[in-house]
Amino acid sequence: MTGFLVRRLGQSAIVVLGVTIITFVLTRLLPGGVARAILGSRASPIEIAQFNHDNGLDLPGWQQYFYYLVQLIHGNLGFSYRLNESVGGLLQDHLPKTIILLGISTLLALAIAVPLGMMQAVRRNKLEDYFFTSLSFALYSMPPFWLALILIIFFSANLNILPPVGPQGAISTYLDPAQISALVLPVAALALVTIALFSRYMRSSMLDNLVQDYVRTARAKGVSTSGVLYRHVLRNALIPIVTLLGLSLPGIFSGALITEAIFNYPGMGLLFWDSAQTRDYPVLLGVTVVVAVATVVGNLLADVFYAVVDPRVRIAA
Amino acid sequence: MSVRAPVTELENLTPGGVPVVVEGGEAKVTGSAWKLAAYVFLENRLAVLGLAFVILVVLFCFVGPLIYRTDQINTDITQITQAPSAAHPLGTDNVGYDVLGRLMVGGQTSLEIGLIAALLATTFGVLWGAVAGFVGGWLDQLMMRIVDSLLAIPTLFLLLVLAAMFVPSVPMLIFIVALVAWLVPARLIRGETLSLRSREFVDAVRVMGGSDFRIVLRHIIPNTIGTIMVNATFQVADAILTIAALSFLGLGVPPPATNWGGMLSDGVSYTFAGYWWLIYPAGLAIVITVVAFNLIGDAMRDAFEVRLQRR
């Protein structure tokens with residue numbers, strides 16, 4: 001187990017380093033150079049020289065990267081001249097809001113997708129299975145922003161029962177009765193796509209386990225149908241779902257970006273989108289590093305969990 | 001004969017490939033591996049439906065404008081956001097373009113970007129994965145860590161950074177989408193190459209004096225064709241969705257060019273005005289095309305993977 005952990009941690013560290021190299025290369029590719037991109041086209045040569053010196057941009061390439069890495073390790077993600085705030089400070093404000101949105105929608109998606117996939121596996125090739133399979137296929141093929149738009153048209157424009165804009169103001173007020181209805185549509189838009197994905201995997205994971213020998217053995221020993229289903233099959237079928245959760249983190253982050261952009265939900269995705277439109281590169285690259293590291297850590301946790309609950313993984317790896 | 005040929009209903013074939021006469025006296029279809037794969041594919045009614053939809057969409061986008069002529073270059077401010085009528089079956093948009101005609105023009109861009117980006121990404125990814133898997137050692141480690149690192153950055157974030165940095169035009173968008181999409185085929189093909197490179201036929205080629213170059217291009221990659229084609233189909237669907245999302249977020253092709261995502265982006269401001277023709281047609285066009293490509297991909301997976309043919 002220790003060997004597995006060390007190897008897996010090493011891999012993650014290398015991937016994180018790789019991500020910093022990519023973002024570093026991206027900063028070098030900025031049109032007109034970093035200083036021009038950040039200070040704007042009207043910056044004087046003296047300002048640019050000063051900026052380059054302050055940020056170590058007059059050093060050789062590998063030293064620049066090293067400098068960049070040291071800054072990152074110290075938690076210095078850059079400074080947004082456009083918003084006149086450090087990227088770290090902006091993230092402190094926006095990241096918790098994204099976590100609320102992602103947390104609620106992912107938990108909700110799991111709470112619905114797991115029983116749904118289980119039901120589909122048990123009643124496979126029956127009417128209800130076909131119905132939900134087609135439904136998730138349609139949801140899965142739908143552009144997430146279009147789904148969100150339809151939700152807005154239906155619940156906000158036609159029925160006028162839910163606000164089309166996400167909650168605003170301080171994060172502590174998000175769960176207040178006055179604001180909570182604003183959370184419904186963003187959460188639903190994100191959760192529906194995740195449900196479609198997870199229920200498909202849950203269904204096939206259940207099907208894989210239902211034909212295993214241990215199910216027959218348990219049945220032969222007189223365990224009831226529901227006993228086999230809940231105590232044995234469900235527990236084994238859930239294991240790959242944890243890995244899937246880790247693997248779909250990048251997709252979930254991308255979904256949050258779109259959802260936040262549509263509902264004007266003031267999280268990290270909206271911050272990122274606004275920055276993309278105003279070409280605020282420090283924010284773009286800083287957020288990219290944070291999201292990528294979160295993805296790597298999520299994958300690592302999922303893998304470690306997998307190894308803890310399933311000894312076969314440890315032995316094989 | 002090729003051992004790994006995707007063969008339908010393996011149990012009905014004797015080792016020589018001669019079909020066993022099944023009950024009812026009917027001989028099963030026989031022929032080349034490709035023929036058999038095509039047979040399984042065509043047996044799948046959903047796949048045929050998907051294929052039919054793709055053909056319809058292509059005809060609609062590329063032949064449609066020849067029959068249904070509209071001005072998609074000059075705006076007409078006297079004719080904005082008109083409801084569907086005889087003159088404009090799907091109404092007009094916020095600058096007076098006919099929506100039905102725009103759907104065709106936008107579809108051309110969506111399909112072109114989707115197909116070319118998928119082709120580029122697949123070609124590059126396959127070569128990358130095959131080389132990494134075949135050569136192995138530190139080069140494999142280096143190449144795959146590059147893939148891992150790029151995969152760690154959520155697609156849309158990477159795309160938005162790139163789209164913000166480089167002025168989007170159609171070729172640039174194709175390049176940007178392909179830059180993000182080649183990672184998955186690279187991983188898949190590397191995995192297959194790892195298991196293929198220790199096969200006897202690779203040794204045989206080497207004994208006969210074939211170069212590494214020849215082994216990879218003529219023997220390893222052709223043996224992964226099933227995976228390549230299935231993945232390429234899904235790549236097209238993904239690329240169409242990606243390009244739509246990018247355009248929706250305002251970083252797509254500049255007007256008067258457009259694509260389905262861009263049309264939706266223009267229609268968003270009229271959500272509360274009840275102008276449904278600015279939102280449903282473009283969205284449905286995306287859904288139909290993506291579903292069609294996904295159905296084809298699913299069916300091809302069934303046709304190529306012998307393991308799954310039990311279903």
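We use all heavy atoms of the structure for the numbers below, so side chains are in, but hydrogens, waters and symmetry mates are not. Per chain, numbering begins at 1; letters A, B, ... match sequence-line order.
Ranking Ala292(A), Ser275(A), Gly18(A), Ser254(A) against chain B, the residue ahead of the rest is Ser254(A), based on heavy-atom pairs under 4.5 Å. Of all the listed residues (Gly283(B), Ala163(B), Gly250(B)), the one sharing the greatest number of non-hydrogen pairs under 4.5 Å with chain A is Gly283(B). When each of Thr23(A), Ile22(A), Ile152(A), Leu249(A) is checked for heavy-atom pairs under 4.5 Å with chain B, Ile22(A) comes out on top. Of all the listed residues (Thr295(A), Val16(A), Ile21(A)), the one sharing the greatest number of non-hydrogen pairs under 4.5 Å with chain B is Thr295(A). Per-residue counts of heavy-atom pairs under 4.5 Å with chain A were compared for Thr155(B), Ile286(B), Leu160(B); the largest is that of Leu160(B). In terms of heavy-atom pairs under 4.5 Å with chain B, the best-connected choice from Leu147(A), Leu285(A), Val19(A) is Val19(A).
Only the side chain of Ile150(A) comes within less than 4.5 Å of a heavy atom in chain B; its backbone stays farther off. If you measure heavy-atom distances from Val296(A) to chain B, the contacts under 4.5 Å come from the side chain alone. Contacts of Ser156(A) with chain B are made by both backbone and side-chain atoms, with heavy-atom separations under 4.5 Å. Val289(A) does not touch chain B: none of its heavy atoms, backbone or side chain, sits under 4.5 Å away. Neither the backbone nor the side chain of Ala237(B) comes within contact range of chain A, judged by heavy atoms closer than 4.5 Å. Neither the backbone nor the side chain of Ile288(B) comes within less than 4.5 Å of any heavy atom in chain A. For Phe253(A), the parts lying near chain B are the backbone and the side chain together; criterion is any non-hydrogen pair under 4.5 Å. Of the two parts of Leu26(A), the backbone and the side chain both hold a non-hydrogen atom closer than 4.5 Å to a non-hydrogen atom of chain B. There is no contact between Leu159(B) and chain A, counting heavy-atom distances below 4.5 Å. Contacts between Leu17(A) and chain B at a heavy-atom distance below 4.5 Å are absent for every atom of the residue. Neither the backbone nor the side chain of Phe293(B) comes within contact range of chain A; no heavy atom of the residue lies under 4.5 Å from a heavy atom of that chain. The contact between Ala261(A) and chain B is made entirely by side chain atoms (from C-beta outward), counting heavy-atom distances below 4.5 Å. The parts of Leu284(B) that come within reach of chain A are both its backbone and its side chain, each placing non-hydrogen atoms under 4.5 angstrom from that chain.
Here OG1 of Thr98(A) is found 9.0 Å from CG of Leu257(A). Values are rounded to the nearest 0.5 Å. In this structure, the separation between CE on Met268(A) and CG on Leu91(A) is 6.5 Å, given to the nearest 0.5 Å.
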Derivation and outcome, side chain to side chain contact (heavy atoms under 4.5 Å, CB included), residues Leu270(A) and Tyr265(A): CA-CA 7 Å; Leu270(A) 186 67; Tyr265(A) 183 99; 5.9 Å; no
Side chain to side chain contact (heavy atoms under 4.5 Å, CB included) between Leu9(A) and Leu300(A), intermediate numbers included: CA-CA 7 Å; Leu9(A) 265 173; Leu300(A) 179 68; 3.7 Å; yes
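Heavy-atom minimum distance, Ala178(B) versus Ala121(B): O-CB, 3.9 Å. In this structure, Ala282(B) and Met263(B) approach most closely via the heavy-atom pair CB-CB, 4.0 Å. Closest approach of Ile279(B) to Leu264(B), counting heavy atoms only: O-CD2, 3.3 Å.
Here the side chains of Trp260(B) and Leu103(B) are in contact, with some heavy-atom distance below 4.5 Å.
A salt bridge links Arg8(A) with Asp303(A): the closest approach of a Lys/Arg side-chain nitrogen to an acidic carboxylate oxygen falls below 4.0 angstrom.
The side chain to side chain contact (heavy atoms under 4.5 Å, CB included) with Asn231(B) is formed by just one residue from the set Asp238(B), Ile189(B), Leu188(B); it is Leu188(B).
The aromatic rings of Phe124(B) and Trp182(B) sit perpendicular to each other, their planes meeting at more than 60°, with 30° as the lower class boundary.
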